[in-house]
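To start, the structure under review is shown below, and the notes come after it.
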Amino acid sequence: MLPWAILLLNIMLAGGSLAQELPDYVLPLSVPLQDSDSFDYIVVGAGAAGAPAAARLALSGASVLLVEAGGDPNLNTRIPGMYSTLLGSALDWQYPTVTNNVSCLSHSDKQCRFSRGKCLGGSTSINFMMYVRGNHRDYDELGIEGWAWKDLKPYFLKYEGLQDLDKLPYNSLSYHNTSGTMKIGFFADSENSWHSRTIKGYRYLNFPFNYDVNAKSQIGISQVIGYVNEGERMSTARGYLTRDDVKSALKVTKNTYCTGVILDKHNNAIGIKAVVGDEKQNRTLQLYARKEIVLSAGAIGTPQILMLSGIGPASHLNDLGIPVRADLPVGDSLTDHVFPQIYASVNPDTSMSSQSEAMERWLYNRTGPLASIGITAVTAFLNTRCYDVSQRKLIYNSPDCEIPTMQLANLYLDVGLIQSNLGFNNIAQQLIAENKNKSLILLGPLVLRPFSRGNIRLASSDPLQKPSIFPNYLSDERDVDEMLCGITIVEHLMQTPEFKVQNASIVHLKLPDCPEYEDDREGYWRCYCRHLTTSLLHAVGTARLGPVVDPQQRVHGVKRLRVADLSVLPEVPRGNTAAVAIAIGERVADFIIKDTDKYLFD
């Protein structure tokens, strides 16, 4: 959304009358803390997994402290259509990264964007809200006892409160629940004609229409369900932490940054070190847990805390002078979903509401384009090896065709929407020129199972310094090969009747050190992928099951310490990651509650 539109929204809200229409749900207050305060459990991180873990433990009757480095999510997080304003905002950690010189080449300083939510709800407060669990094979293929699809499915269902089950086919019933605390449903009508055109374009390429990517099959073009209810975002902050029973049982501390786990001489986790407040005025506390500590700080924050506590690669910790308490491959095997930003120039949709009208409609009754994420809710899954390039259609010639290798994402950019602060070094002006009189559609051929692996290390022993993140995207050429398969499909999509009649054409940007498209198509696209590499912010693997934690999410070599976030997954699921992150949080609470008689010191 344009800056003037955001300003207008704030002015309208400040006026009072419209703001009074906002629904009355209240986030928990931050409790005052004193040094040496103790609780049964401390959960670090109030995001996708941490909020449910803490809420369930508190509802079991335990004394629980939930520690969050950020504060409350702001008004923009409640409006689905404002999602694009949240990345790079004050609610985003905005982590810097270390370049590998083969990806993100057109980004500022060749740094790949690495966003994570810094507020109650974590990344569920700033993400695209898409509810996709991944493929059932994702969990079966882990080969880890207790982590197959049959083991995880009950936890997806436990929290799911689907409000639109009547809009799904009968054979979807067994895959959903309507009574869970996280209310979800279809996004409101985007009122953008490119919504139906995009579906028809993929259908022309023989993509089946898939009513429910969370049911038996994931393949096809679909309008996905989202973390949205009654026109508003459903973050874990809203779904768990605004519940009256949770607020009366759970203690929450905000703007409290965990700087390490306190270990006794027997390697029992007995507490955390934390800094409370901002950089100008803060104080350091030690907080104690009588039973267990759960790290849910995400695939970046959790390995940082572990290494600061002496749990990580011994050689790295020795280099920083941190005493080693457990020599584990923490921070290794970072993997993430990435795609190249492909832009198509198209005729603008002239039927859409103005920004001011869309805001007014959302504020009064939570309808209209701002209750939607636009054509981003339309997405396609396929196995690229089942796409016949010569026939230009998706085929089914193998059982493996049911296992997607790619997701094709979409984002509509209206005329004049692109601004100069794209974060690109050398292409912003080209895109602004294309966007002057034409709309743009960003198409993302997203690699679902990347081969490239990166890592996370401490930048120093200073706990307040952000970690050194080396995403290492596209270090394995096979990821670029897969992107090329998706780009071919995007090129074919432009030639479908629905797109041709709207004068759709791919924007072939001029990129430094890349061949011209007309001279070397494949060489151009390979170079393009390395320049416009983009993360979908689905990082996993940095405290993974097996080498770092056991199947009950307990850290090897340390007692009374568990990890509950995406860092435990050895592979990124074939889909958006919020769904499984919440399930992981639900699951760790069950593990702990079943082990309540095992917390005595040895």
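As a basis for the values below, the full set of heavy atoms in this structure was taken, side chains included, without hydrogen atoms, waters or symmetry mates.
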query = Is any side-chain heavy atom of Tyr139 closer than 4.5 Å to a side-chain heavy atom of Val580?
reply = yes
message = Under the rule for disulfide (SG to SG under 2.5 Å), what residues qualify as partners of Cys104, not counting sequence neighbours?
response = Cys112
message = Is it the case that the side chains of Arg560 and Tyr41 hold a donor-acceptor pair, with the cut-off being a distance below 3.5 Å and no angle test?
response = no
request  = Please determine if Asp138 and Arg449 form a salt bridge, counting it only when a charged side-chain N lies under 4.0 Å from a carboxylate O.
outcome  = yes
inquiry  = Under a 3.5 Å threshold, yes or no: a donor from one side chain and an acceptor from the other, between Glu482 and Thr405?
reply    = yes
query = Taking only residues two or more places apart in sequence or in another chain, which ones pass salt bridge (Lys or Arg N to Asp or Glu O under 4.0 Å) with Asp92?
reply = none
message = Tyr473 and side-chain hydrogen bond (donor to acceptor under 3.5 Å, both in side chains): which single residue from Asp336, Thr99, Asn100, Thr335 fits?
response = Asp336
ask   = For Asp479, which residues count as a salt bridge (Lys or Arg N to Asp or Glu O under 4.0 Å) partner, sequence neighbours excluded?
value = none
message = With a 4.5 Å cut-off on side-chain heavy atoms, are Phe470 and Arg453 touching?
response = no
request  = Report yes if the side chains of Gln407 and Asn576 come closer than 4.5 Å at any heavy-atom pair, otherwise no.
outcome  = yes
message = Taking the side chain as everything from C-beta on, heavy atoms only, tell me whether Leu464 gets closer than 4.5 Å to Thr259.
response = yes
inquiry  = I'd like to check the ring pair (Phe, Tyr, Trp, His ring centres under 6.0 Å) partners of Tyr131; sequence neighbours left out, ordered by chain and number.
reply    = Tyr227
query = Which word best sums up how the rings of Tyr95 and Trp93 line up, parallel for under 30°, tilted for 30 to 60°, or perpendicular for over 60°?
reply = parallel
query = According to the ring-ring contact (aromatic ring centres under 6.0 Å, His included) rule, which pairs have a member within residues 110-130, sequence neighbours left out?
reply = Tyr83-Phe128
message = Once disulfide (SG to SG under 2.5 Å) is applied, do any residues pair with Cys401, and if so which ones, sequence neighbours excluded?
response = Cys386
